[in-house]
Amino acid sequence: EADIYQTPRYLVIGTGKKITLECSQTMGHDKMYWYQQDPGMELHLIHYSYGVNSTEKGDLSSESTVSRIRTEHFPLTLESARPSHTSQYLCASSEWGQPQHFGDGTRLSIL
Amino acid sequence: ILNVEQSPQSLHVQEGDSTNFTCSFPSSNFYALHWYRWETAKSPEALFVMTLNGDEKKKGRISATLNTKEGYSYLYIKGSQPEDSATYLCAFWDNYGQNFVFGPGTRLSVLP
């Protein structure tokens, strides 16, 4: 059973606030990913990491940043939230070339 | 840039119908093809991992085939049930597992 956790599940917050979405996995996976998904739309990769101290931008440009200081932890930060950041954010992890295990997601609403 | 397509974009079938849909991917530098089921209000879950040309995988009423030479995979659902309603995603990996991309998905609705 996959063990990957995202917090919070839901967040409603005002414009201009700094936000950090947490993602942790207990499987020891090297690869971790962040996706953004609007209702009824495709998954878009916004960040990924191949291991500690490795971070790369994905296919979809995002104003968020990520860090990978520990293998199990891959937080995503928005320095100043805007209504355009309202979306669902999914975190995932995997071994090389293996299926990704997804967290339950964070639904973010910026007022 | 890897290009992965899925067709159809959406599909409505009656309960009991069998159905299939397609994932198309580059035929060069193939490493693996993954199928996922993504139910509403849940997260994507892996269905199949396919690595060899000619692979056929089966899980209950759902099966998948793989043709790496021509760059496509089919997902079949036999006797669709309402609980099969979901978006089905494929993910193509190339270059020894270094690069991947998800297809846009096929949204299946099974009507009772």
Side-chain angles (χ1 to χ4, degrees), chain A residues 1-10 21-25 27 29-51 54-61 74 87-108, chain B residues 1-11 23 25 29-52 55 57 59 64 66 68 73 75 85-109:
Chain A
E1 187 67 30
D3 290 310
I4 180 163
Y5 307 100
Q6 289 186 245
T7 57
R9 286 293 311 277
Y10 305 93
L21 307 185
E22 302 287 350
C23 177
S24 295
Q25 50 98 4
M27 296 167 284
H29 288 163
D30 286 326
K31 286 195 166 188
M32 295 189 75
Y33 318 85
W34 275 105
Y35 295 89
Q36 186 173 342
Q37 190 248 342
D38 294 321
M41 304 298 286
E42 303 170 31
L43 276 177
H44 290 287
L45 181 68
I46 52 174
H47 297 284
Y48 62 97
S49 167
Y50 286 171
S54 152
T55 61
E56 301 287 344
K57 290 189 180 294
D59 306 321
L60 181 68
S61 176
F74 191 40
S87 190
Q88 173 166 248
Y89 294 84
L90 284 168
C91 180
S93 72
S94 75
E95 294 292 354
W96 288 87
Q98 295 301 307
Q100 295 178 29
H101 300 270
F102 286 83
D104 289 333
T106 294
R107 289 194 181 275
L108 179 64
Chain B
I1 296 177
L2 301 177
N3 186 34
V4 176
E5 297 177 352
Q6 289 188 248
S7 61
Q9 183 177 15
S10 64
L11 192 56
C23 172
F25 51 86
N29 292 327
F30 177 87
Y31 179 80
L33 193 286
H34 302 159
W35 279 101
Y36 294 80
R37 175 167 56 204
W38 190 5
E39 297 178 66
T40 303
K42 295 186 178 180
S43 299
E45 291 185 350
L47 281 173
F48 301 117
V49 177
M50 312 189 78
T51 55
L52 297 174
D55 256 357
K57 297 287 178 81
K59 185 181 292 187
L66 179 68
T68 60
S73 176
L75 190 80
S85 296
T87 295
Y88 291 84
L89 297 169
C90 64
F92 167 75
W93 289 79
D94 80 344
N95 198 23
Y96 306 104
Q98 298 248 13
N99 305 309
F100 77 96
V101 64
F102 275 93
T106 292
R107 187 175 301 174
L108 175 67
S109 297

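Computed from a prediction, not measured in an experiment: that's the story for all the values here. Each chain gets a letter, A, B and so on, in the order the sequences are listed, and its residues count up from 1.
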Where do [X] and [Y] come nearest, in terms of heavy atoms and distance?
{"X": "Trp93(B)", "Y": "Ser94(A)", "value": "CH2-OG, 4.3 Å"}
{"X": "Met41(A)", "Y": "Arg107(B)", "value": "N-NH2, 4.4 Å"}
{"X": "Pro99(A)", "Y": "Ala46(B)", "value": "CB-CB, 3.6 Å"}
{"X": "Gln98(A)", "Y": "His34(B)", "value": "C-CE1, 3.3 Å"}
{"X": "Ser43(B)", "Y": "Asp104(A)", "value": "OG-CA, 3.3 Å"}

Q. Should the heavy atoms of other residues, nucleotides or ligands under 6.0 Å from CD of Glu45(B) be counted, would the total exceed 12?
A.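 Check fails, neighbour count at 12 or below.
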Q. Is the CD atom of Gln9(B) crowded by more than 12 outside heavy atoms at less than 6.0 Å?
A.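 Not more than 12 within 6.0 Å, no.
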Is it the side chain or the backbone of [X] that comes within 4.5 Å of chain A heavy atoms, both, or neither?
{"X": "Tyr36(B)", "answer": "side chain"}
{"X": "Ala91(B)", "answer": "neither"}
{"X": "Trp38(B)", "answer": "side chain"}

Q.
Evaluate Phe100(B) against Tyr48(A) for side chain to side chain contact (heavy atoms under 4.5 Å, CB included), listing each step before the verdict.
A. CA-CA 11 Å; Phe100(B) 77 96; Tyr48(A) 62 97; 5.7 Å; no
Q) Hey, which of Gly103(B), Ala41(B), Pro104(B) has the most heavy atom pairs under 4.5 Å with chain A? A)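 Option with the top pair count is Pro104(B).
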Q) Rounded to the nearest 0.5 Å, how far apart are CZ of Phe102(B) and CD of Gln100(A)? A)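 It comes to 4.5 Å.
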Q.
To the nearest 0.5 Å, what is the distance between OG1 on Thr87(B) and CD on Glu42(A)?
A.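 The distance works out to 10.5 Å.
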Q | Contacting moiety of Tyr35(A), where chain B heavy atoms sit under 4.5 Å | A |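 Only the side chain of Tyr35(A) comes within 4.5 Å of chain B.
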